[in-house]
Structure formats: structure tokens, C-alpha cells
Amino acid sequence: MVRVQEIPLNQIQRPLPRKNDPEKVLALMESIAEIGQQEPIDVLEVEGKYYGFSGCHRYEACQRLGKETILARVRKAPKSVLKMHLA
């Protein structure tokens, strides 16, 4: 089951490092500041903790804008699914 909700940015762990395109982040910052976040990021919820693997540019844009929360599509998953994402 997938639900869309606002999640505090500081509760989302991003276990895989990613290099973002600075121009794309700036463009998203402008867009989010002007019209809000239009597309949620995808987050796994495993044992009450949130893990983000996509939406890296949106995540950074919201962080840099000083947002406390981000719109996320949350999918509950067992540890086995988290391990597959980390492999």
C-alpha cells in the first residue's frame, strides 16, 4: 500500500550518495518556491524509519529552501526490500 504524505526532511535517510546537477537543483528551487512541490519523492518505510532512494534533486532543493517537510510517496517494506535497494 502506498500513501502520499508530508515527511520531515530530517527523518529521511539517504543511504546511497548521489551527485546532483546544480542547475537542476536551482531550477527546482525556483519552481518549488513559486508553485510548490508538484511531484512527491519515493520513500521506503522500514520499521518506522524512512529511506529515500529517488528524488535526490527535489530533496536537495527543499533542503536548500529551508523546508522542514517534503511531499513523499511512502511504501512500507520489510528489511529484505531495503537490503535489495542497498545491494
Side-chain angles (χ1 to χ4, degrees):
M1 182 174 158
V2 177
R3 67 186 186 281
V4 176
Q5 68 183 73
E6 292 280 338
I7 296 178
L9 282 166
N10 64 5
Q11 288 185 16
I12 300 172
Q13 297 178 46
R14 304 212 46 101
L16 301 177
R18 173 134 181 217
K19 184 137 175 102
N20 288 337
D21 177 346
E23 290 182 20
K24 186 172 180 179
V25 172
L26 286 174
L28 280 166
M29 286 174 68
E30 288 178 18
S31 173
I32 291 169
E34 194 173 305
I35 61 173
Q37 182 186 346
Q38 299 300 297
E39 183 65 28
I41 65 169
D42 292 308
V43 171
L44 283 179
E45 182 183 353
V46 179
E47 297 181 351
K49 295 182 181 176
Y50 299 108
Y51 298 88
F53 294 96
S54 69
C56 297
H57 290 89
R58 284 168 281 166
Y59 181 87
E60 184 177 338
C62 286
Q63 271 190 322
R64 290 177 60 187
L65 285 168
K67 301 275 186 189
E68 291 187 18
T69 63
I70 189 166
L71 188 62
R73 198 172 8 257
V74 180
R75 182 170 55 105
K76 281 194 172 203
K79 277 188 177 179
S80 60
V81 171
L82 176 61
K83 286 179 182 176
M84 285 190 311
H85 279 79
L86 297 173

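- Legend: residues meeting salt bridge (charged side-chain N to carboxylate O under 4.0 Å, His left out) with Arg18, ordered by chain and number and at least two apart, are absent.
- For the atom pair CG (Leu44) and OG (Ser54), the distance works out to 9.0 Å, reported to the nearest 0.5 Å.
- Side-chain contact between Glu23 and Leu26 is absent, with no heavy atoms from C-beta onward closer than 4.5 Å.
- The shortest non-hydrogen separation linking Pro15 to Gly52 is CD-O, 3.8 Å.
- Shown are Val4, Ile7, Ile32, Ile41; of these, the side-chain contact (heavy atoms from CB on, under 4.5 Å) with Leu71 is made only by Val4.
- His57 and Leu28 get closest at one heavy-atom pair: CB-CD1, 3.4 Å.
- Within the structure, the salt bridge (charged side-chain N to carboxylate O under 4.0 Å, His left out) test picks out the following pairs touching residues 57-74 (sequence neighbours left out): Glu39-Arg73, Asp42-Arg73, Glu60-Arg64.
- Residue pairs satisfying the side-chain hydrogen bond (donor to acceptor under 3.5 Å, both in side chains) criterion with at least one member in residues 1-16, sequence neighbours excluded, are listed as follows: Arg3-Gln5, Arg3-Glu45, Glu6-Thr69.
- Closest of all the heavy-atom pairs between Val43 and Ala72 is CG2-CB, 3.7 Å.
- With sequence neighbours excluded, no residue forms a salt bridge (charged side-chain N to carboxylate O under 4.0 Å, His left out) with Glu34.
- Under the salt bridge (charged side-chain N to carboxylate O under 4.0 Å, His left out) criterion, Lys79 pairs with Glu47, not counting sequence neighbours.
- Both Leu86 and Val81 are members of a single hydrophobic cluster when ILVMFWY side chains are connected at heavy-atom separations under 4.5 Å.
- Linking Ile, Leu, Val, Met, Phe, Trp and Tyr residues whenever their side-chain heavy atoms come within less than 4.5 Å leaves Tyr51 and Val74 in two separate clusters.
- Both Leu16 and Val46 belong to a common hydrophobic cluster when Ile, Leu, Val, Met, Phe, Trp and Tyr are linked at side-chain heavy-atom distances under 4.5 angstrom.
- The ring-ring contact (aromatic ring centres under 6.0 Å, His included) pairs that include a residue from residues 59-87 are Phe53-His85, where partners are two or more places apart or lie in different chains.
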